[in-house]
Amino acid sequence: MALRLIHALSVHRLTTGDIYAPLGATAEELRDTLCLYQPGIEDLGGDPADDLLSQVETVLREIHRTVSGQFISSNPENRQYYLDLKKTDDFDALIEKRADSLDASQFDRYYYEALKRVMECTDQTYVTGYKIWQHELTWLERKAARQGYLFFGAPNERSTAVPPRDFYIYFIQPFEPPRFKDEKKPEELFLRLAGKDEAFRTALKSFAAALDLASTASGHAKSTYESKASGFLRDLLQWLKENMYEAFEVTYQGRTRSIMGWSRDKPVRDLSGIASHERINFRNLINTVAGICLGAHFQEQAPGYPVFPVLITGANQAQAVQDALRTIAGQKPTKQATAVLDALELLDGDRLDPYKSKYARHILDILSKKGHGQVVNRSELIQEIFGVEYLAPQTLRLEPAWAVVVLAALVYSGELVLAVPGKKFDAAGLPQLAGTGIEELEQFKHIERPRDWNLPALKALFELLGLTPGMAQLVTQNKDEPVAELQKAVTGTVNRIALAIQNLRDGPVFWGQRLFSDPELTARNSQLEKTKSFLESLQAFNSPGKLKNFRYDAPEVNGHREGLRTLEEIESLQELAAALGTTAAYLSTAEAVLPAGHEWSGRMKTVREDVLGQLSDPAGRGAADFRQQTQRELTGLKKAYLQAYLDLHTRARLGVNEDKHKSRLMNDERLKALQKLSAIDIMPRQQLTGFQNRLAGLKSCFTLTERGLNASPVCPHCGFRPADEMVQSPINAASVLQQLDEQLDKMIAEWTAALLANLEDPATRGNLDLLKPEPRNLVDSFIKTRALPQDPGQDFIHALQEALSGLLKVTVKTAGLRAGLLKGGSPATLAEMKKRFEEYLDELTRGKELEKVRIVLE
């Protein structure tokens, strides 16, 4: 395809009037007119037209790259590719020619340019005009960062204005090395490129020549040289990566070895911290080998420096310090914070304990030499060595950031107060200390001793919370156990007060009555809030060091005894109300269950008034036997209720025998006969309905026991409430059942008499003659025997209905009769009452044949 495209563009070049005109063909035109049947495109899986266009554009780019940008150009305005006959420079040849003219110093310069890339050096050097950069190494044995310099050149070539640091790494020129004397200083390390093969020389010469040409070229030529240089640089860097172990010699204190020779006993991969599947890069390799060589120097320089369990670098040091300060202030420790505190010897297990730390002892030793009221200024702790500050630079060599962590731990333990411009931090101010910027803390002003222990106030505090006052003495000995007990007591009391304040919102209530007046509630709530605020302020004193700065005196502490007495009073009332409340609630419900005016209700009222009167009086409820006496009274009252309720329940409910009697009545033949007769119009059906309702309304319950009633004042089986069921007078269910049995006989007799009277009435005799023989026989037999058949069947009922069909039933209801008799007012004379009655009946029977009217009272 590439040849076809070149041929096509060549032919197109001949078709233009000016062979130098920027005219040609777009990628789309080349696709559609030249490559439409390109084999293999259909196998790419996408849209064939798009895939073919991508293929054409890729080939054009490869042609452009292969000829180094010569002979072919593209017009950005119309996106056309064309042969450019003016682009005839052979860039590769020019680069090769320039490479032959470069000298050794130029090769060294461009070697350093490549080296700057692999060592990730910035364009900004530490000193202008010198290839020197600040550099950080890891002290492998301590996992800590050390600061020094990286220099491209020999020691006698670097600026003397550079302040000394912990180390110097020199990359010596490989082609024209300078003459210098190796003084075998422990802080100096030299690296030389010794294994230069032809591939390296070719790549470096080409890289140097391309950059050299690019520095003087412009336009298209400049970009081409720079592109070429980038390619050569990739080859050069690839060579360095592949040959870095063998190509470099490392000289330290007069001993020269290969990189592999220095790392023979200490695997570089393990020391560098890279994963097993990763490939170490050039910079990490050089840093690791330098760390191996310089480890002894770092040890001699700072023998007391901490050993960190995690890697601490210049990039993460500030965050590690901040995490450690937050942990000292009481926040949950992070893994990094624990590592820092452990390295600084400030931990005893999981507990912060600075007294075993040599760094803390160094500071305390300096502080102990000061007289009372004197301070230790920052300059007495932190000294400057060649512009870098350290704590104890000859032994510990601890940076100010780590010194701040140690100082914060001593503030925590109450051994000192840290002063920064404008503020001081004691053990109670650790949260504020942790929230202050690291830079500000590093520039602290001085440290000083905290004030002496306020032993009387501490003893009063422990005693106030029910703890042994002698525990205060243990606190002054920096014991943590008394402080833990104190905080436990504080937290428990604060929770109790919070619950008491919540209960005071509605006031303690017993038997439906508030036990405190509004002024009493306000006064007690104020006392509790004051004591609660005091106790909450004590939660900050959670270490012996913080208690050394206890800001209350003994009278202030003892002033909160009244608040705790109020708390005990409220809790005692709540406990009393809870102990007696169940019985009182039972009795209140029981009072509503019994009928009004019951003897037990009067006794209940008297006992309640007496108990509430004593509860409202502090002296009364404080009596030794008050609770026992009240409990006895309430228990006696409950027993009396149980007996009264059981008596009423027995009267109002049917027992086992009565329940069986009721069942027999419900299925009695007499009742069945009346139900059949009620189908006759003139019969008083309402009387039967009333009888059935009364019978059905009799409830049976024979399983209630005193134990069952003890849990609830109402029968759990039938829900008997005397106040609802015995509104007018107590009933005796058994007596009512007996009355209903007798009433059934009476109703049979009355209904039989009524039927006979109506059948014998002249108004109905004519109807008897109209009956068929069989129904007539049934009616005549009834009239003759004067008694209902044992089982009145439907034929009998139908015969009576036909015989009495001419009669007119007029129902008189109680409400209507009452209204008719009271019409015109009351009282009335006998004559007026008779007249009203007659008028009422006349109204009911108006328009009816009076001989056939039968009055039925319902």
Side-chain angles (χ1 to χ4, degrees), residues 328-330 367-368 370-375 408 410-420 422-433 446-498 500-501 522-571:
I328 293 172
L367 183 61
S368 65
K370 292 291 183 177
H372 183 72
Q374 293 183 320
V375 303
L410 291 172
V411 171
Y412 167 87
S413 64
E415 292 296 337
L416 56 85
V417 175
L418 178 65
V420 300
K423 65 186 83 169
K424 291 183 179 181
F425 299 110
D426 56 20
L430 283 172
Q432 292 75 28
L433 187 152
H446 65 259
I447 61 173
E448 61 186 57
R449 289 189 182 91
R451 56 187 179 183
D452 293 333
W453 292 98
N454 188 355
L455 196 56
L458 292 179
K459 288 182 177 180
L461 177 61
F462 277 88
E463 191 172 6
L464 176 71
L465 293 169
L467 301 173
T468 305
M471 297 175 80
Q473 193 68 44
L474 296 177
V475 174
T476 65
Q477 301 171 14
N478 286 302
K479 301 292 185 182
D480 289 334
E481 292 77 7
V483 181
E485 290 295 322
L486 177 67
Q487 287 299 319
K488 182 179 178 182
V490 167
T491 301
T493 308
V494 167
N495 292 337
R496 288 169 55 202
I497 292 178
I501 291 174
T522 302
R524 284 165 172 77
N525 190 75
S526 176
Q527 286 178 333
L528 291 177
E529 289 286 0
K530 182 179 178 182
T531 301
K532 180 172 177 285
S533 298
F534 166 72
L535 292 175
E536 287 175 336
S537 71
L538 299 180
Q539 293 175 334
F541 299 95
N542 57 2
S543 70
K546 293 181 180 179
L547 281 174
K548 196 167 187 178
N549 298 282
F550 191 61
R551 62 178 182 270
Y552 301 102
D553 56 24
E556 285 180 291
V557 173
N558 290 324
H560 292 282
R561 291 186 179 277
E562 186 62 32
L564 294 184
R565 279 194 290 269
T566 299
L567 173 62
E568 291 174 357
E569 176 192 20
I570 294 171
E571 287 180 335

Just verifying a value: how many Å separate [X] [atom1] and [Y] [atom2], rounded to the nearest 0.5 Å?
X	Y	atom1	atom2	answer
R524	R565	CZ	CZ	12.5 Å
M471	T476	CE	OG1	12.5 Å
L567	R496	CG	CZ	4.5 Å
I447	L418	CD1	CG	8.0 Å

Is the side chain of [X] donor-acceptor paired with the backbone N or O of [Y] at a distance under 3.5 Å, no angle test?
X	Y	value
S526	A523	no
T493	A489	yes
T491	K488	no
E556	D553	yes
R449	L367	yes

Mind listing the side-chain donor-acceptor pairs of residues 529-546 below 3.5 Å, one per line with the distance, residues two or more places apart or on another chain?
from: T531; atom 1: OG1; to: Q527; atom 2: O; distance (Å): 3.1
from: K532; atom 1: NZ; to: E536; atom 2: OE2; distance (Å): 2.7
from: S533; atom 1: OG; to: E529; atom 2: O; distance (Å): 3.0
from: S537; atom 1: OG; to: F534; atom 2: O; distance (Å): 2.5
from: S537; atom 1: OG; to: Y552; atom 2: OH; distance (Å): 2.8
from: N542; atom 1: OD1; to: K546; atom 2: NZ; distance (Å): 2.8
from: S543; atom 1: OG; to: Y412; atom 2: O; distance (Å): 3.2
from: S543; atom 1: OG; to: K546; atom 2: N; distance (Å): 3.2

Grab the two heavy atoms, one from [X] and one from [Y], that are nearest each other, plus how far apart they are.
X	Y	answer
A457	A554	CB-N, 3.8 Å
S413	N478	O-OD1, 3.5 Å
A408	I328	O-CG2, 3.7 Å

| Are L486 and L461 close enough that some pair of their side-chain heavy atoms sits under 4.5 Å apart? |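 Result yes, sub-4.5 Å side-chain heavy-atom pair found.
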| Heavy-atom distance under 4.5 Å between the side chains of L547 and L458, does that happen here? |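 Yes; the side chains approach each other to less than 4.5 Å.
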| Between K370 and E448, is the closest basic N to carboxylate O distance under 4.0 Å? |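 No, no charged N to carboxylate O under 4.0 Å.
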| request: Taking only Lys NZ, Arg NE, NH1 and NH2, and the carboxylate oxygens of Asp or Glu, determine whether E415 and K548 approach each other closer than 4.0 Å. | output: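 Salt bridge flag = no for K548 with E415.
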| request: Report the residues that fulfil side chain to side chain donor-acceptor pair (under 3.5 Å) with N495, sequence neighbours left out, ordered by chain and then residue number. | output: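 Result, side chain to side chain donor-acceptor pair (under 3.5 Å) vs N495: none returned.
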| request: Could you list the residues that satisfy side chain to side chain donor-acceptor pair (under 3.5 Å) with H560, not counting sequence neighbours? | output: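 Once residues adjacent in sequence are excluded, H560 has no partner under the side chain to side chain donor-acceptor pair (under 3.5 Å) criterion.
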| task | Apply side chain to side chain contact (heavy atoms under 4.5 Å, CB included) to F550 and V557, showing your working. | result | CA-CA 11 Å; F550 191 61; V557 173; 4.0 Å; yes
Pairs under 3.5 angstrom only: tabulate donor-acceptor contacts from the side chains of residues 425-432 to other protein residues two or more places apart or in another chain.
from: D426; atom 1: OD1; to: A428; atom 2: N; distance (Å): 3.0
from: D426; atom 1: OD1; to: G429; atom 2: N; distance (Å): 3.1

| task | Apply side-chain contact (heavy atoms from CB on, under 4.5 Å) to E481 and list each qualifying residue two or more places apart in sequence or on a separate chain. | result |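 If we apply the side-chain contact (heavy atoms from CB on, under 4.5 Å) test to E481, skipping adjacent residues, the hits are K479.
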| query | Which pairs pass ring pair (Phe, Tyr, Trp, His ring centres under 6.0 Å) with one or both residues in residues 446-477, sequence neighbours excluded? | reply |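 Not a single pair qualifies under ring pair (Phe, Tyr, Trp, His ring centres under 6.0 Å).
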| query | So L528 and T566, side chain to side chain contact (heavy atoms under 4.5 Å, CB included) or not? Walk me through it. | reply | CA-CA 7 Å; L528 291 177; T566 299; 4.2 Å; yes
